[in-house]
Student: 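One structure is given below, represented as C-alpha cells, and several questions about it will come after.
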Amino acid sequence: MCYTFNAIAQDTLAFTTVPAGKYQVGRANYPANPKRTIALHSYEISTTEITNAQFAEFVAATGYVTLAEKHHNAMVFEPGLAEFRWIQDTTAYWRYPNGITRGGIEHKQQHPVTTISYKDAQAYCQWAGYRLPTVDEWEVAANAGKNTTYFWGNQDKKIGEYANIWHGRDHLVADSSDGFMYTSPVKSFKPNPWGLYDVYGNVFELCEGKAPYDRPESKSVHARGGSWWCSKHSCSFFNSIDIGASSPFASFSNVGFRVVKK
C-alpha cells in the first residue's frame with residue numbers, strides 16, 4: 001500500500017545532523033558487534049522517538065491499521081512476571097500499548113509510540129517522508145561519534161541520568177523508582193552530547209539493515225538502545241554496543257522508533 005507524502009509531519013520533529021566521515025563502531029573481542037571502522041554520508045536523525053501524537057497523525061490521515069490490531073497478538077508486560085516472560089494480549093495495540101485493562105494513551109501523547117511492528121514503522125516512514133536509521137547510523141548517533149559502551153564512557157553509573165530503565169532486581173515487583181514504570185515522555189531525561197534524547201532506555205528503537213552476527217538467510221529486524229523493561233540483571237541492552245533482534249511482524253510494548261530524513 002502506498003501513502004501520499006505528508007509535508008506537515010516534517011514540522012513536528014527536531015533533527016540533528018551527523019557529519020559525514022569515518023567512525024569506529026562495535027567493541028573489540030565482541031562477536032555480536034566486533035570493532036570496525038565504517039564510512040557514513042551525512043544524515044539527519046530525529047532527536048526524539050516518534051510519539052503517540054505523531055503516530056496518531058499518521059493514522060488519522062491514512063486510516064492505517066497496525067499488525068497488532070489485525071492479528072491481536074501483541075506482547076505486553078505487567079509486574080509479577082518472571083524474567084523474559086511476556087503476555088500475549090489480544091486487546092493491545094498502539095492506543096492501548098499494554099492492553100485495554102492497563103490503560104490507554106489519553107494522557108501519554110508525548111510518550112513514544114509502542115506496540116507497533118517494524119512493518120508499521122516502515123508505513124509511517126513512507127507516509128512522512130522519512131526512513132529508519134541503519135544499525136550503524138543509530139550507533140554513531142547514539143554514541144555521539146565516540147566508540148565507548150556509553151556516550152560518556154564505559155561505566156554504567158550515569159545511566160539513571162539519561163535513561164528510563166528498570167532499576168529493580170527482578171520484574172516480580174513493580175519499579176517506578178525513576179518516576180516511570182512503563183514509558184516516559186520523550187525528553188524526560190538528559191540528551192546525549194549531540195542532542196538526542198532516550199537513545200538508551202524508554203523503548204528499543206527499530207533499525208534497518210543487518211547486524212554483524214546475522215546469517216545471510218536471516219529474516220530478523222533489529223532494535224537498539226534497550227527499553228524501560230531492561231535492567232542491569234535482565235537484557236541490559238541500554239548501551240551503544242548491543243543489538244537486539246526480532247521478527248518484522250512482532251509487536252511489543254517496549255519497542256518504538258526514531259527516524260532519519262531521506
Student: Ser236 versus Cys230: any side-chain heavy-atom pair under 4.5 Å?
Tutor: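 Heavy-atom side-chain distance check fails, nothing below 4.5 Å.
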
Student: Can a salt bridge be assigned to the pair Arg224 and Glu137 using a cut-off of 4.0 Å between side-chain N and carboxylate O?
Tutor: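 Salt bridge flag = no for Glu137 with Arg224.
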
Student: Tell me, with the steps shown, if Asp178 and Asn164 meet side chain to side chain contact (heavy atoms under 4.5 Å, CB included).
Tutor: CA-CA 7 Å; Asp178 63 2; Asn164 169 21; 3.2 Å; yes

Student: Cationic tip of Lys262 within the cone over Tyr130's six-membered ring, i.e. under 6.0 Å and within 45° of the normal?
Tutor: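 No, Lys262 and Tyr130 do not form such a contact.
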
Student: Leu67 and Ile87: same hydrophobic cluster, using ILVMFWY side-chain contacts below 4.5 Å?
Tutor: no

Student: Asn143 side chain to Gly145 main-chain N or O, any donor-acceptor pair under 3.5 Å?
Tutor: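 No; judged by distance alone, with no hydrogens or angles, the pair does not exist.
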
Student: For the hydrophobic clusters of this structure (ILVMFWY residues joined by side-chain heavy atoms under 4.5 Å, transitively), does one cluster hold both Val135 and Val259?
Tutor: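 Each belongs to a different hydrophobic cluster.
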
Student: Just verifying a value: how many Å separate Lys119 NZ and Ser247 OG, rounded to the nearest 0.5 Å?
Tutor: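 Output value for this atom pair is 9.0 Å.
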
Student: Rounded to the nearest 0.5 Å, how far apart are OG of Ser176 and CE of Met181?
Tutor: 6.0 Å

Student: Looking at every non-hydrogen atom in both residues, tell me the closest pair between Ser231 and His171 and how far apart they are.
Tutor: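 Reported closest heavy-atom pair: OG-CE1, 4.2 Å.
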
Student: Got a donor-acceptor contact below 3.5 angstrom from the Glu69 side chain to the Thr66 backbone?
Tutor: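 A pair under 3.5 Å: yes.
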
Student: Check for a donor-acceptor pair, side chain of Thr16 on one end and backbone N or O of Trp194 on the other, with a separation under 3.5 Å.
Tutor: yes

Student: Using only atom types and a distance under 3.5 Å, with no angle test, would you say the side chain of Gln109 pairs donor to acceptor with the backbone of Ile105?
Tutor: yes

Student: With rounding to the nearest 0.5 angstrom, report the CD to OG distance, Glu83 to Ser234.
Tutor: 3.5 Å

Student: Checking Arg258 side chain against Thr47 main chain: does a donor-acceptor pair fall under 3.5 Å?
Tutor: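 Confirmed, Arg258 side chain pairs with Thr47 backbone.
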
Student: Contact between Pro19 and Ser42 at the side-chain level, heavy atoms closer than 4.5 Å - yes or no?
Tutor: no

Student: Quick one: NE2 on His72 to CD on Gln88, what's the gap to the nearest 0.5 Å?
Tutor: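 That separation rounds to 11.0 Å.
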
Student: So Ser218 and Lys210, do their side chains get closer than 4.5 Å, heavy atoms only?
Tutor: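 Result yes, sub-4.5 Å side-chain heavy-atom pair found.
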
Student: Report the distance from atom CD of Gln24 to atom OG1 of Thr37, rounding to the nearest 0.5 Å.
Tutor: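 OG1 of Thr37 is found 4.5 Å from CD of Gln24.
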
Student: State yes or no: do Val255 and Phe180 share one hydrophobic cluster built from I, L, V, M, F, W and Y residues joined by side-chain heavy-atom distances below 4.5 Å, directly or via other members?
Tutor: no

Student: So do Tyr93 and Ile100 actually touch side chain to side chain, heavy atoms under 4.5 Å?
Tutor: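 Counting from C-beta outward, Ile100 and Tyr93 never come under 4.5 Å.
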
Student: Considering all heavy atoms of both residues, which atom of Gly99 and which atom of Ala92 are nearest to each other, and what is their separation?
Tutor: N-CB, 3.6 Å

Student: For Val140 and Leu40, what are the C-alpha separation, side-chain angles and deciding distance, and is it a side chain to side chain contact (heavy atoms under 4.5 Å, CB included)?
Tutor: CA-CA 9 Å; Val140 169; Leu40 293 177; 3.7 Å; yes

Student: For Arg95 versus Val59, what's the shortest heavy-atom pair and its separation?
Tutor: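 Smallest interatomic distance, heavy atoms only, reads NH2-CG1, 4.2 Å.
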
Student: Using 30° and 60° as the class limits, which term best fits the ring planes of Tyr64 and Phe58: parallel, tilted or perpendicular?
Tutor: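 Plane angle between 30° and 60°, so tilted.
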
Student: Hey, does Pro112 have a side-chain heavy atom less than 4.5 Å from the side chain of Val186?
Tutor: yes

Student: If every non-hydrogen atom of Arg36 is compared with every non-hydrogen atom of Gly26, which pair is closest and at what distance?
Tutor: NH1-CA, 4.1 Å

Student: Give the intermediate values and the outcome of side chain to side chain contact (heavy atoms under 4.5 Å, CB included) for residues Asn33 and Asp242.
Tutor: CA-CA 7 Å; Asn33 189 8; Asp242 286 308; over 6 Å; no

Student: Do Thr149 and Asn154 have side-chain N/O donor and acceptor atoms under 3.5 Å apart?
Tutor: yes

Student: Between Arg102 and Glu78, does any side-chain N to carboxylate O distance fall below 4.0 Å?
Tutor: yes

Student: Other residues, nucleotides and ligands only: do more than 12 of their heavy atoms fall within 6.0 Å of CD on Gln155?
Tutor: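 No - once you tally the heavy atoms of other residues, nucleotides and ligands closer than 6.0 Å, there are 12 at most.
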
Student: To the nearest 0.5 Å, what is the distance between CD1 (Ile50) and OG1 (Thr48)?
Tutor: 6.5 Å

Student: In terms of relative ring orientation, are Tyr124 and Phe257 parallel, tilted or perpendicular, with 30° and 60° separating the classes?
Tutor: perpendicular

Student: Taking ring pair (Phe, Tyr, Trp, His ring centres under 6.0 Å) as the definition, give me every residue that meets it alongside Tyr200, ordered by chain and number, with sequence neighbours left out.
Tutor: Tyr150, Phe151, Trp152

Student: Less than 4.5 Å apart, any side-chain heavy atom of Lys35 and any of Arg27?
Tutor: no

Student: Restricting to ring pair (Phe, Tyr, Trp, His ring centres under 6.0 Å), what partner residues turn up for Phe237, sequence neighbours left out?
Tutor: none

Student: Is there a donor-acceptor pair under 3.5 Å between the side chain of Asp136 and the backbone N or O of Val25?
Tutor: no

Student: Between Asn98 and Ser253, does any side-chain donor sit less than 3.5 Å from a side-chain acceptor?
Tutor: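 Checked: Asn98/Ser253 side chains pair up, N/O donor to acceptor below 3.5 Å.
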
Student: So which atom in Leu206 and which in Leu132 form the shortest heavy-atom distance, rounded to 0.1 Å?
Tutor: O-CD2, 4.0 Å

Student: Starting from Tyr30 and following side-chain heavy-atom contacts under 4.5 Å between hydrophobic residues (I, L, V, M, F, W, Y), which residues can be reached?
Tutor: Ile241

Student: Is the side chain of Ser227 donor-acceptor paired with the backbone N or O of Phe204 at a distance under 3.5 Å, no angle test?
Tutor: no

Student: Going through the checks in order, is the side chain to side chain contact (heavy atoms under 4.5 Å, CB included) test met by Glu161 and Phe189?
Tutor: CA-CA 6 Å; Glu161 299 178 33; Phe189 295 81; over 6 Å; no

Student: What I'd like to find out is whether the side chain of Asn202 reaches to under 4.5 Å of the side chain of Tyr197, using heavy atoms alone.
Tutor: no

Student: Is the backbone of Ala141 close enough, under 3.5 Å, to the side chain of Asn192 for a donor and an acceptor to pair up by distance?
Tutor: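 Judged by distance alone, yes, a pair lies under 3.5 Å.
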
Student: By side-chain contact (heavy atoms from CB on, under 4.5 Å), which residues pair with Lys219, not counting sequence neighbours?
Tutor: none

Student: With hydrophobic residues grouped by side-chain heavy-atom distances under 4.5 Å, do Ile243 and Val199 end up in a single group?
Tutor: no

Student: I'd like to check the ring pair (Phe, Tyr, Trp, His ring centres under 6.0 Å) partners of Trp94; sequence neighbours left out, ordered by chain and number.
Tutor: Phe55

Student: Write down the atom of His167, the atom of Gly160, and the distance for their closest heavy-atom approach.
Tutor: CE1-CA, 4.3 Å

Student: Going only through I, L, V, M, F, W and Y residues with side-chain contacts under 4.5 Å, is there a path from Tyr118 to Val76?
Tutor: yes

Student: Cut-off 3.5 Å, side chains only: do Glu208 and Thr134 have a donor facing an acceptor?
Tutor: no

Student: Under 6.0 Å between the ring centres of Phe77 and Trp166?
Tutor: yes

Student: State, yes or no, whether a side-chain contact exists between Ile45 and Pro133 at a heavy-atom distance under 4.5 Å.
Tutor: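 Sidechains of Pro133 and Ile45: in contact.
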
Student: Any salt bridge linking Asp120 with Lys70? Criterion: basic side-chain nitrogen under 4.0 Å from a carboxylate oxygen.
Tutor: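 No, this pair does not count.
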
Student: Would you please indicate yes or no on a ring centroid separation below 6.0 angstrom for Tyr213 and His222?
Tutor: yes

Student: Can you sort out the partners of His111 under ring pair (Phe, Tyr, Trp, His ring centres under 6.0 Å), two or more places apart, ordered by chain and number?
Tutor: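 Expected list: none.
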
Student: Determine whether a donor-acceptor pair (N or O, by modelled atom type, separation under 3.5 Å) exists between the side chain of Asp156 and the backbone of Ile159.
Tutor: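 No, because the side chain of Asp156 does not come within donor-acceptor range (under 3.5 Å) of the backbone of Ile159.
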
